[in-house]
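Since the structure comes first, as structure tokens, the remarks are kept for the end.
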Amino acid sequence: MGSELIYRGHEAQATADAYSPKPHKPWVTVIRPIRYMLREQRLVFVLVGIAIATLFFSVLPGSSPGQARYPHGADRMSIPDFSSESSHHIARRPIYQNRMGFGAFNSGGKIPLGLKRKGLRIVVTGGAGFVGSHLVDRLIGRGDSVIVVDNFFTGRKENVMHHFGNPRFELIRHDVVEPLLLEVDQIYHLACPASPVHYKHNPTNVVGTLNMLGLAKRVGARFLLTSTSEVYGDPLQHPQVETYWGNVNPIGGSRSYLFSSLPEHNSDGCGVRSCYDEGKRTAETLTMDYHRGAGVEVRIARIFNTYGPRMCIDDGRVVSNFVAQALRKEPLTVYGDGKQTRSFQYVSDLVEGLMRLMEGEHVGPFNLGNPGEFTMLELAQVVQETIDPNAKIEFRPNTEDDPHKRKPDISKAKELLGWEPKVALRKGLPLMVSDFRQRVFGDHKEDGSATSTA
């Protein structure tokens with residue numbers, strides 16, 4: 001019997017170790033989150049939160065795009081004759097990769113939570129000058145913070161005094177030929193004497209341009225160079241387009257209508273203008289080199305003849321000369337036969353063009369001027385009609401290298417910037433005369449801001 005006993009413990013062990021999987025329950029993944037939401041009244045709290053958020057956003061008033069871009073409710077144009085259509089293109093605000101903040105994530109439309117777009121920090125070199133001070137008015141008016149850098153060589157503190165006390169305005173007395181360290185988003189580089197009366201004492205603007213380009217490279221700012229129509233010299237092409245290389249005498253310089261009242265040339269034809277013409281051409285070259293080589297965002301504007309309030313009275317420009325002479329009861333001096341043709345742009349039109357160029361996406365160069373042509377004799381007659389019909393016109397021998405014609409082709413600016421001048425000469429000249437009358441006769445009852453309003 002003992003031999004028949006067999007140990008079967010290993011069979012029982014094998015049966016105990018066998019694995020039997022649980023049946024698959026596909027609805028568990030759905031039931032589990034539902035149970036979680038129903039537990040402890042979590043669903044009630046979620047619904048209440050959605051209701052509160054919906055009520056908050058529906059009651060809160062939204063900000064329109066115009067309000068966001070001009071947050072302080074200021075007049076977008078402190079200089080006359082700007083329609084809402086002409087200011088529409090300026091409303092676009094750039095988004096800079098190095099500028100953080102809410103505005104960097106919302107470039108248009110309504111701004112949630114009623115937040116206003118944060119203004120840019122902008123430096124304007126030569127901001128106390130004729131054109132620069134009007135540009136500062138526009139930038140401050142739309143809500144930006146502006147730093148004016150000026151050495152007051154040709155600029156006047158009176159041009160920006162009406163901004164003193166504004167927390168978004170700063171004034172630094174500094175010459176841009178020396179380096180300057182600032183944290184800014186945009187640089188409008190206007191600093192450069194533009195009359196032989198002034199730049200013969202400081203015959204270059206290249207160093208200042210180089211310093212400002214270096215600043216733009218360091219802080220990642222967008223840079224706008226205000227070049228000049230003088231880069232075309234005595235043009236052989238009429239009207240002048242941006243692709244025209246010009247006809248310039250690098251030794252004697254081309255002679256412009258702007259200074260036709262100042263016989264600055266010597267008898268051999270070598271004058272003092274070449275430093276200005278060639279300096280601007282060099283500045284354009286440097287600007288494009290920094291753009292191509294260092295990736296700096298740049299814009300180039302070639303400014304044609306501009307007039308308006310705050311011009312220097314005795315800097316030799318033909319419009320300011322005629323107006324000052326007529327107010328002082330002096331003869332209007334016309335050089336040559338007075339048949340040289342020029343075009344005249346009111347300062348508010350120029351400022352509009354500069355801002356559209358800065359906010360746009362095109363490098364340039366762009367001609368910014370008024371294509372309407374006037375002979376010097378016609379200009380003198382307009383000044384007579386505006387100030388004194390009895391004013392005499394005195395003819396004098398013409399100077400060498402005086403361009404016979406100067407007229408911008410602004411087709412490129414019309415197409416890409418949506419810009420063209422609005423203020424006619426007979427409409428803008430009386431505004432300039434009013435400002436000159438106050439300064440010539442010492443009537444300073446109104447502050448500098450009065451010259452930019454109408």
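Predicted model only: the values in this text are computed from it and were never measured.
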Note to self: To check you understand the geometry: which heavy-atom pair defines the closest contact between V207 and V177, and what is its length?
What the structure shows: CG1-O, 3.6 Å

Notebook entry, point to check: Has the side chain of D150 got a donor or acceptor atom that lies under 3.5 Å from a matching backbone atom of H174?
Noted result: no

Item checked: Distance in Å, R281 CZ paired with S227 OG, rounded so as to fall on 0.5 Å steps -> 9.5 Å

Item checked: Evaluation steps, side chain to side chain contact (heavy atoms under 4.5 Å, CB included), between M432 and V319 -> CA-CA 10 Å; M432 175 180 172; V319 181; 3.7 Å; yes

Item checked: Interatomic distance, R168 atom CZ to I140 atom CD1 [nearest 0.5 angstrom] -> 5.0 Å

Check: So is K427 actually on top of Y346's ring, under 6.0 Å and inside 45° of the axis?
Finding: no

Check: Do you know which of R222, R299, R142, R138 makes salt bridge (charged side-chain N to carboxylate O under 4.0 Å, His left out) with E359?
Finding: R142

Next item on the list: For the pair D409 and K414, evaluate salt bridge (Lys or Arg N to Asp or Glu O under 4.0 Å) and give the outcome as yes or no after the intermediate values.
Entry: CA-CA 10 Å; D409 185 317; K414 281 184 177 180; over 6 Å; no

Notebook entry, point to check: Considering all heavy atoms of both residues, which atom of V131 and which atom of L190 are nearest to each other, and what is their separation?
Noted result: CG1-CD2, 3.7 Å

Check: Does the side chain of E373 pick up a donor-acceptor pair with the side chain of S343 at under 3.5 Å?
Finding: no

Note to self: For E385, is the CD atom crowded, meaning more than 12 foreign heavy atoms sit under 6.0 Å from it?
What the structure shows: yes

Check: To the nearest 0.5 Å, what is the distance between CG (L215) and CD1 (I187)?
Finding: 4.0 Å

Notebook entry, point to check: Taking Q186 for the side chain and L120 for the main chain, is one N or O donor matched with an acceptor at less than 3.5 Å?
Noted result: no

Note to self: If the threshold is 4.0 Å, N to carboxylate O, is there a salt bridge linking R437 and D435?
What the structure shows: no

Check: Of V383, T386, V440, which is the lone residue that meets side-chain contact (heavy atoms from CB on, under 4.5 Å) with V433?
Finding: T386

Next item on the list: Applying ring pair (Phe, Tyr, Trp, His ring centres under 6.0 Å), name anything that partners H163, two or more places apart in sequence or on another chain.
Entry: F169

Next item on the list: Test L213 against L286 for side chain to side chain contact (heavy atoms under 4.5 Å, CB included), laying out the working first.
Entry: CA-CA 8 Å; L213 283 167; L286 289 172; 3.9 Å; yes

Margin query: Working note: I313 + F436, criterion side chain to side chain contact (heavy atoms under 4.5 Å, CB included); need CA distance, chi angles, decisive distance, verdict.
Written below: CA-CA 7 Å; I313 294 177; F436 267 46; 4.0 Å; yes

Next item on the list: State which residue, out of H291, E284, H362, fulfils the side-chain contact (heavy atoms from CB on, under 4.5 Å) condition with I300.
Entry: E284

Check: Does D144 reach the side chain of R121, with side-chain heavy atoms less than 4.5 Å apart?
Finding: no

Margin query: As a test of understanding, state which of R292, E297, M288 forms a side-chain contact (heavy atoms from CB on, under 4.5 Å) with V363.
Written below: M288

Item checked: E158 side, atom CD; M161 side, atom CE - distance, nearest 0.5 Å -> 6.5 Å

Checklist line | Under 3.5 Å: donor-acceptor pair, side chain of S133, backbone of A128 | finding: no

Next item on the list: Calculate, to the nearest 0.5 Å, the distance between atoms CG and CD1 belonging to L47 and I52 respectively.
Entry: 11.5 Å

Checklist line | Validation row: V146, V124 side chains within 4.5 angstrom (heavy atoms) | finding: yes

Margin query: Can a donor-acceptor pair be found, under 3.5 Å and without considering hydrogens, that links the side chain of N305 to the backbone of F344?
Written below: no

Item checked: From CA spacing to verdict: side chain to side chain contact (heavy atoms under 4.5 Å, CB included), R406, H238 -> CA-CA 7 Å; R406 182 66 60 79; H238 187 77; over 6 Å; no

Next item on the list: Tell me yes or no: between the side chains of R302 and S229, is some donor less than 3.5 Å from an acceptor?
Entry: no

Notebook entry, point to check: When you measure from the side chain of H134 to the backbone N and O of P309, does any donor-acceptor pair fall under 3.5 Å?
Noted result: yes

Next item on the list: Calculate, to the nearest 0.5 Å, the distance between atoms OH and CG belonging to Y188 and L357 respectively.
Entry: 8.0 Å

Checklist line | Donor-acceptor pair between D137 and H162 side chains, under 3.5 angstrom | finding: yes

Margin query: A side-chain contact here means heavy atoms from C-beta on lying under 4.5 Å apart; do R173 and F152 qualify?
Written below: yes

Item checked: Side-chain heavy-atom pair V347, T306 within 4.5 angstrom cut-off -> yes

Next item on the list: Using side-chain contact (heavy atoms from CB on, under 4.5 Å) as the criterion, point out the one residue from V176, L182, I172 that pairs with V123.
Entry: L182

Notebook entry, point to check: Less than 4.5 Å apart, any side-chain heavy atom of F223 and any of T287?
Noted result: yes

Next item on the list: Work out which heavy atom in P371 is nearest to a heavy atom in P408; give both atom names and the distance.
Entry: CB-O, 3.8 Å

Next item on the list: Could you walk me through whether K422 and E352 pass salt bridge (Lys or Arg N to Asp or Glu O under 4.0 Å), step by step?
Entry: CA-CA 10 Å; K422 304 293 184 183; E352 175 80 2; over 6 Å; no

Note to self: Name the residue from W419, F304, F366 that meets the side-chain contact (heavy atoms from CB on, under 4.5 Å) definition with I410.
What the structure shows: W419

Next item on the list: Might you confirm whether atom NZ of K412 has over 12 heavy atoms from other residues, nucleotides or ligands at distances under 6.0 Å?
Entry: yes

Margin query: Checking the side chain of H189 only, and the main-chain atoms of L224 only, is there a donor and an acceptor separated by less than 3.5 Å?
Written below: no

Note to self: With heavy-atom distances below 4.5 Å as the criterion, would you say the side chains of Y290 and L210 are in contact?
What the structure shows: yes

Next item on the list: For the residue pair L425 and F374, establish whether any side-chain heavy-atom pair is separated by less than 4.5 Å.
Entry: yes

Note to self: Which heavy atom of T154 sits nearest to which heavy atom of C312, and what is that distance?
What the structure shows: O-SG, 3.6 Å

Next item on the list: Work out which heavy atom in M311 is nearest to a heavy atom in R439; give both atom names and the distance.
Entry: O-NH2, 2.6 Å

Next item on the list: Using modelled atom types only, decide if a donor and an acceptor are shared between the side chain of S58 and the backbone of L55 within a distance under 3.5 Å.
Entry: yes

Next item on the list: Mind listing the closest non-hydrogen atom pair of V136 and G127 along with its distance?
Entry: CG2-O, 3.9 Å

Check: Should T226 and L354 count as side-chain neighbours, where that means a heavy-atom distance under 4.5 Å?
Finding: yes

